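Report on one structure; see the data block that follows.
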Number of protein chains: 4
Amino acid sequence: MAGSTFGNIFRVMTWGESHGRGIGVTIDGCPAGLALSEEDIQVYLDRRKPGQSRFTTARQEGDRIEILSGVFEGRTTGTPIAMAAFNEDQRSRDYSAIKDVYRPGHADYCYDAKYGFRDYRGGGRSSGRETLARVAAGAVAAKVLKEYGITVTAYTKSIGPIEIAAERFELAERDRNRLYMPDARAVEEAEIYLDGLMREQDSSGGVVECVVEGCPAGVGEPVFEKLDACLAKAIMSIGAVKGFEIGDGFAAAKSRGSQNNDAFRVNDAGNIYKETNHAGGVLGGMSDGSPIVLCAAFKPTPSIAQKQETANRAGENVDIEIYGRHDPVIVPRAVVVVEAMTALTVLDLLLLGRSARI
Amino acid sequence: MAGSTFGNIFRVMTWGESHGRGIGVTIDGCPAGLALSEEDIQVYLDRRKPGQSRFTTARQEGDRIEILSGVFEGRTTGTPIAMAAFNEDQRSRDYSAIKDVYRPGHADYCYDAKYGFRDYRGGGRSSGRETLARVAAGAVAAKVLKEYGITVTAYTKSIGPIEIAAERFELAERDRNRLYMPDARAVEEAEIYLDGLMREQDSSGGVVECVVEGCPAGVGEPVFEKLDACLAKAIMSIGAVKGFEIGDGFAAAKSRGSQNNDAFRVNDAGNIYKETNHAGGVLGGMSDGSPIVLCAAFKPTPSIAQKQETANRAGENVDIEIYGRHDPVIVPRAVVVVEAMTALTVLDLLLLGRSARI
Amino acid sequence: MAGSTFGNIFRVMTWGESHGRGIGVTIDGCPAGLALSEEDIQVYLDRRKPGQSRFTTARQEGDRIEILSGVFEGRTTGTPIAMAAFNEDQRSRDYSAIKDVYRPGHADYCYDAKYGFRDYRGGGRSSGRETLARVAAGAVAAKVLKEYGITVTAYTKSIGPIEIAAERFELAERDRNRLYMPDARAVEEAEIYLDGLMREQDSSGGVVECVVEGCPAGVGEPVFEKLDACLAKAIMSIGAVKGFEIGDGFAAAKSRGSQNNDAFRVNDAGNIYKETNHAGGVLGGMSDGSPIVLCAAFKPTPSIAQKQETANRAGENVDIEIYGRHDPVIVPRAVVVVEAMTALTVLDLLLLGRSARI
Amino acid sequence: MAGSTFGNIFRVMTWGESHGRGIGVTIDGCPAGLALSEEDIQVYLDRRKPGQSRFTTARQEGDRIEILSGVFEGRTTGTPIAMAAFNEDQRSRDYSAIKDVYRPGHADYCYDAKYGFRDYRGGGRSSGRETLARVAAGAVAAKVLKEYGITVTAYTKSIGPIEIAAERFELAERDRNRLYMPDARAVEEAEIYLDGLMREQDSSGGVVECVVEGCPAGVGEPVFEKLDACLAKAIMSIGAVKGFEIGDGFAAAKSRGSQNNDAFRVNDAGNIYKETNHAGGVLGGMSDGSPIVLCAAFKPTPSIAQKQETANRAGENVDIEIYGRHDPVIVPRAVVVVEAMTALTVLDLLLLGRSARI
């Protein structure tokens, strides 16, 4: 319960540091009978891999996933699925620049405050590399969801001030560019914006949007385990996320009831649906049958090459310059992480809901 | 685990429907030795009471809290603290208008989808009256936090388009008006705005901001139980909340690393602090010693008197008119609910953190 | 998480002290659609009522259960079911004899060690009266289990040295005597034994046996959430229980593999069954289709009228004499408590098992 | 939550099958600052290693533990400690004899009933090899406990009908023989008994006793998370355990209050202690300052070479002969497993208890 466990029924526990032996995750509670291979997971991991464009780091990461247990003759057995990606390259580096200095925007200071010391190699447990385990688990969750006709799709909605336009939205475009933006024109503008930031040794934030389709009404538990509350926690637990919205989000706070309410209607087949979806697919904390739509705001990459003021362990004011290659924006690589956390959450609540009725 | 349980160490379970026997909560895990009386809790409940202004409903609610266990000779014993507010008035009403019709913006349809039927009296379990239990538990949590020098303060930040201005911010003003806005001029404007909406039988959303002061660095657990992730879940679990921000929130997505990073500095006493607080007091999911600042976006009250289109249980398109008095904005009454959920979350993680070191 | 919460899916939280406002329990996670009335629960509570024979105390306890939430139009709604039995008689008594003295065999000393002080009125939270909440919740669990064809039946197996004989076992006899023994001759002997103990101001222990019938194979989770492990915790959590056995229990430790193994066989209908049941219906932590058979050993009532040596809060050696009427044996009243805890456990694992397969 | 997770604060998740890639465990919640090396764990694992005497199997198991995360510069960091023992030898064997046949006394049938199929290689997840992960985690827990002056010591109390005698008890003897019995004479008798069973292709059960010393009073939570209840679950979750006792256990059921009550006394230093320990160190579910004494009854090894009757997947009555070397008694190898589960339980409750008071 020190924080590396997620989920109730479909429960995962992750482990690993940036520059340690590897990164791993164990899933306790995956239903038996799912066809599952390492390749199913690898395709998700490849989407978060660095070095895919000039805006993501060129470091080589040993992201080859191995399934260590829980799959027999190609199917999940219902017992724990352990997975790990071992680090191939573990040679010792020089960490003297960050060993005793608190990088602004990073967790260094908080780790020391909490535990008395920290694994300073590449950020240790607080490194973005930790998300590898989330994506591996999320890939399994997404595959289970597909069995029930539920899909989870995320994309980059904005990078800094550059936002996709609804009228140019084309999902297929997302996979044609390495910013994962479903709008070719926004991609062009964002690339120019990022090139400028890189010249200035600066970085950008951005927004990821995620849509869940095919989810039946009634998923989520009233009061504290509301679907949107659980999604908020899942998404906000991704490092660098500073804001979360479901449906219209903060815009709803400026709206009126007469505009914000979605009318229920009956279609020709006699099924109830919502005519609009300001709610983002969640009412009273339960899915309402419409697509679930959420947004996550990511802060700019805190590691920038500019000289910054900060403090060190000894309690002295010092300057810091962070070397090495760092993504000027982490949003494109985070898209698949948002998908993963969303899939883990929806699946866990879907399974929990199996006990809702006699 | 059907959703009415919150917290790990300081764990609460709530119960009750809008028009049932009452609303209650049990706290399992309150540390022993806290001086506690019903009056400590009542002052919090009185802040969410309806009928305090012309913008909140005039219904009389029986919000007299009783402590049923766990307190002996004026102090908590460490065993469960059960509390309840029993409904004085339980006469039967006429619910035929909403019994079989799905109110837009409400959970009616989702409850039926999940459970097959629902307690339709006044919204049943999905009524805002459920927050009474949160506030009662939160009052206890807040009192424990005070023992450790931690305070939680929320206020109305905006109502519809009317927002408080930083330069006019005065906390004492919050308690002088029933909109709980710490800006006298914004109150005037918001009152005019709300009067207009009431004439149009419409409603408004708004934003609540909450600040935690005195929290030591290191509260929150890495990875999944991050302080901001847990706060997001707690706040998003309040009915009608559609968005959550920590620190700069969505604005951070448009910012640059050089602007968004908060420099660590050392003060004259040799203590480390952050010069700015874009992070909102949380780095890497742990408190960083700065005030924790969060925002919650509330949607407009869905119950409006205008005629609305919707569907009924029988699968027919129908019109609905919702009678009775409903708040044109729930934000002022939600302020204390945000405080309560924040206090419950911070305390739970504070206690959990007691096991962080040998 | 301070200990008064039980179960994962069908989760209960109990509260209340012996001489406080009352005793209660909330169930979060009861499936919707179960027909449920206060009478369904009362019949269970009446079985643990004191004052039914000369071997159980004559105190009048206000065990009238009230359902406070979660049931609408006679059926469970899926939301929390709160129940309470309020104490009618709360006049203040004289507790000076036990206020500062640690009764041997009781939890007084441990409560002071843990919490710094305790509610000493009638044992406070550690009183046997706490089991009322277990029985109320267990009655609901048993009713759900009945919907799935599963029954739970317990009885007194022995009182001190007097044990029921297999050849005289008659379940109907259990309800004809107040020792809840399904063997008329053993009842006679036990009554003589208990009369002797009462004359000597002494008390007796005993054993309760419980049988679950109709449970399908596969209930229970491998490794840590084994059915028998969960049952052991549930039963050992009842005050005064000092031992637990499943199937042959400790006798299996003296047995041989060739004797202890139960042969699987196929019956005429083509179904697999076990020819014998040394295992007590559990293999590898999962139900195996045979009846689940468990035993609980209860220690003698620690409250005896004899003068006893002990210590007090001030750290002095003192003598204590415990006045008031106390059962010379608690086993008969514990029978329904064992049933309740068994039902809660089996139901929780049955519901959890709904997620075992895709 | 499918059963491979244990503990609340010091939480472990285990994975792995008998003949898969390996066996592993992750600890989420180990306090930071503990000196920890692979050697600390290896000494525990070596105690459960097979092939140590003629009564334990000669199979070579690849029980070389590796720490994969959570330890930096020789100390625990507070983040997850992943450990694994990878199987060196994974060549394919012939499992046709057990693939479709349900071995008596094993979990084969239950796995099929629950999940629809199973990993039949060497018992898969239900193999005793799973306990390797428990012992690895338990070794860490035991090391944390030592920091607080708490030790956990188990030994073989009986094998079949051969029991150690109190007057010959010598703990040092335990480590001089491979039956882990602290009584040289009982060892001789047990060896003769086991030799006889081996000739008859049969097996024996036995009892393990475990003593916790140095535990302060007040560990354990009232009602459902009682120390003895949690220990019962932990111990009963070990495969083949059929009974559990705390203190006098089932003997208490035949005792009288005047005999069973332990008198509290005050020693010369002014400290309160219990003169006797019928309670086994637990009163009201909390440690009482006396040594905690528990017993676990193990059934005979179900794998015996004798021909046995059973059923197969196709629903036919068949005979089975189980080849390969199997321990005629698993008790000696289970001693360290009992220590491990006890250490995990006591530590988890000790840490949880840190929140008992303001």
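Residue numbering restarts at 1 for every chain, and letters A, B, ... go by the order of the sequence lines. Note that this is a predicted model, so its numbers are computed, not measured.
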Please classify the contact between Tyr193(C) and chain D as side chain, backbone, both or neither, with a heavy-atom cut-off of under 4.5 Å. side chain

Keeping to residues at least two apart or across chains, list the salt bridge (Lys or Arg N to Asp or Glu O under 4.0 Å) pairs with something in residues 230-249 of chain C. Lys233(C)-Glu225(D)

What residue in Asn312(C), Leu197(C), Leu349(C), Leu231(C) has the most heavy-atom pairs under 4.5 Å with chain D? Leu197(C)

First locate atom OH of Tyr109(D), then atom CE of Met286(C), and finally report the distance between them rounded to the nearest 0.5 Å. 11.5 Å

For the student: nearest non-hydrogen atoms of Ala107(C) and Gly284(D), plus distance: CB-CA, 3.6 Å

Considering only heavy atoms from C-beta outward, does the side chain of Glu309(C) approach that of Glu275(D) to under 4.5 Å? yes

Among Arg125(C), Glu163(C), Arg256(C), which residue forms the greatest number of heavy-atom pairs with chain D at distances under 4.5 Å? Arg256(C)

Taking the side chain from Arg265(C) and the backbone from Thr310(D), do they hold a donor-acceptor pair closer than 3.5 Å? yes

Determine the option with the most heavy-atom pairs under 4.5 angstrom with chain C, choosing from Gly218(D), Pro300(D), Gly353(D), Gly243(D). Pro300(D)

Do side-chain atoms of Asn261(D) reach the backbone of Pro302(C) as a donor and acceptor pair under 3.5 angstrom? yes

Interatomic distance, OG@Ser4(D) vs CD@Glu221(C), rounded to 0.5 Å, equals 9.0 Å

Part of Val318(C) lying under 4.5 Å from any heavy atom of chain D: backbone

To the nearest 0.5 angstrom, please state how far the CD1 atom of Ile238(D) sits from the CZ atom of Phe224(C). 9.5 Å

Given a strict heavy-atom distance threshold of 4.5 Å, which part of Asp108(C) is in contact with chain D: side chain, backbone, both, or neither? neither

If you tally heavy-atom pairs under 4.5 Å against chain C, which of Gln259(D), His278(D), Glu200(D) wins? Glu200(D)

Sorted by chain and residue number, the ring-ring contact (aromatic ring centres under 6.0 Å, His included) partners of Phe250(D) (sequence neighbours excluded) come out as none

Between Gly285(D), Gly123(D), Ala279(D), which shows the greatest number of heavy-atom pairs under 4.5 Å with chain C? Ala279(D)

Interface moiety of Asn267(D) toward chain C, non-hydrogen atoms closer than 4.5 Å: neither

Let me know if Asp288(D) has heavy atoms under 4.5 Å from chain C in its side chain, its backbone, both or neither. both

Is there a side-chain contact between Ser258(C) and Ile304(D) in this structure, where contact means two heavy atoms from C-beta onward sitting under 4.5 Å apart? yes

Supply the atom-to-atom distance Arg103(C) CZ to Leu283(D) CG, rounded to the nearest 0.5 angstrom. 11.0 Å

Can you tell which of Ser204(D), Ala240(D), Ala251(D), Ala252(D) has the highest number of heavy-atom pairs within less than 4.5 Å of chain C? Ala252(D)

Which atoms of Asp228(C) come close to chain D, meaning under 4.5 Å heavy atom to heavy atom: side chain ones, backbone ones, both, or neither? both

Looking only at heavy atoms and a cut-off of under 4.5 Å, which of Cys295(C), Ser355(C), Gly205(C), Ala263(C) has the most pairs with chain D? Gly205(C)

Is the backbone N or O of Val266(D) less than 3.5 Å from a side-chain atom of Asn317(C), with the two atoms forming a donor-acceptor pair by type? yes

For a quick test of reading the model, state the closest non-hydrogen atom pair linking Ala253(D) to Ala297(C) and the distance between them. CB-CB, 4.1 Å

To the nearest 0.5 Å, how far apart are CD1 in Ile272(D) and CZ in Arg313(C)? 9.5 Å

Between Lys114(C) and Gly220(D), is there a donor-acceptor pair closer than 3.5 Å when you use the side chain of the first and the backbone of the second? yes

Closest non-hydrogen atoms of Lys254(D) and Gly160(C), given as atom of the first, atom of the second and distance, are CG-O, 3.8 Å

Of all the heavy-atom pairs spanning Met236(C) and Ala229(D), show the shortest one and how long it is. CB-CA, 3.6 Å

Please determine, among Cys230(D), Gly239(D), Ser158(D), Ser255(D), the option with the most heavy-atom pairs under 4.5 Å with chain C. Ser255(D)

Which heavy atom of Pro222(D) sits nearest a heavy atom of Tyr115(C), and at what distance? CD-OH, 3.3 Å

Tell me if a side-chain donor or acceptor on Arg134(C) pairs with a main-chain N or O of Val223(D) at a distance below 3.5 Å. yes

Mark yes or no for whether Lys226(C), through its side chain, and Ser237(D), through its backbone, hold a donor-acceptor pair below 3.5 Å. yes

So, the side chain of Asp202(D) versus the backbone of Gly257(C): is there a donor-acceptor pair under 3.5 Å, distance only? yes

Which heavy atom in Phe264(C) sits nearest to a heavy atom in Tyr102(D), and how many Å separate them? CD1-O, 3.7 Å

Report the option among Tyr273(C), Phe6(C), Phe298(C) that has the most heavy-atom pairs separated by less than 4.5 Å from atoms of chain D. Phe6(C)

